Amino acid sequence: MLTSILEEVADLLALQCPACGSSHVAQVLGDNGGVSFVCTACGHSWS
């Protein structure tokens with residue numbers, strides 16, 4: 001459920017995966033408190 005909420009937020013912010021262009025992007029909190037993104041379509045991650 002959390003993933004679907006984050007996907008909806010990403011869609012509203014128009015985030016797109018740089019690898020595949022999908023807008024199915026989840027925001028993830030990193031170990032050091034940073035924020036990164038993960039494409040739920042292809043699995044690519046970036047920050």
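Predicted model only: the values in this text are computed from it and were never measured. Keep in mind that the numbers below use all heavy atoms, side chains included, and drop hydrogens, waters and symmetry copies.
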Check your understanding: Which pairs with one or both residues in residues 38-47 pass side-chain hydrogen bond (donor to acceptor under 3.5 Å, both in side chains), sequence neighbours excluded?
Key -> E7-T40
Review point. C17 and C42: side chain to side chain contact (heavy atoms under 4.5 Å, CB included), yes or no, with the steps?
Key: CA-CA 9 Å; C17 174; C42 75; 3.8 Å; yes
Review point. What residues, two or more places apart in sequence or in another chain, satisfy side-chain hydrogen bond (donor to acceptor under 3.5 Å, both in side chains) together with S36?
Key: none
Practice item. Could you go through the side chain to side chain contact (heavy atoms under 4.5 Å, CB included) check for F37 and V28 one step at a time? Key: CA-CA 6 Å; F37 302 95; V28 180; over 6 Å; no
Exercise for review: Taking all non-hydrogen atoms of both residues into account, name the closest pair between Q16 and V25 and its distance.
Suggested key: C-CG2, 4.2 Å
Review point. Among the clusters formed by ILVMFWY side chains lying less than 4.5 Å apart, do V38 and L29 turn up in the same one?
Key: no
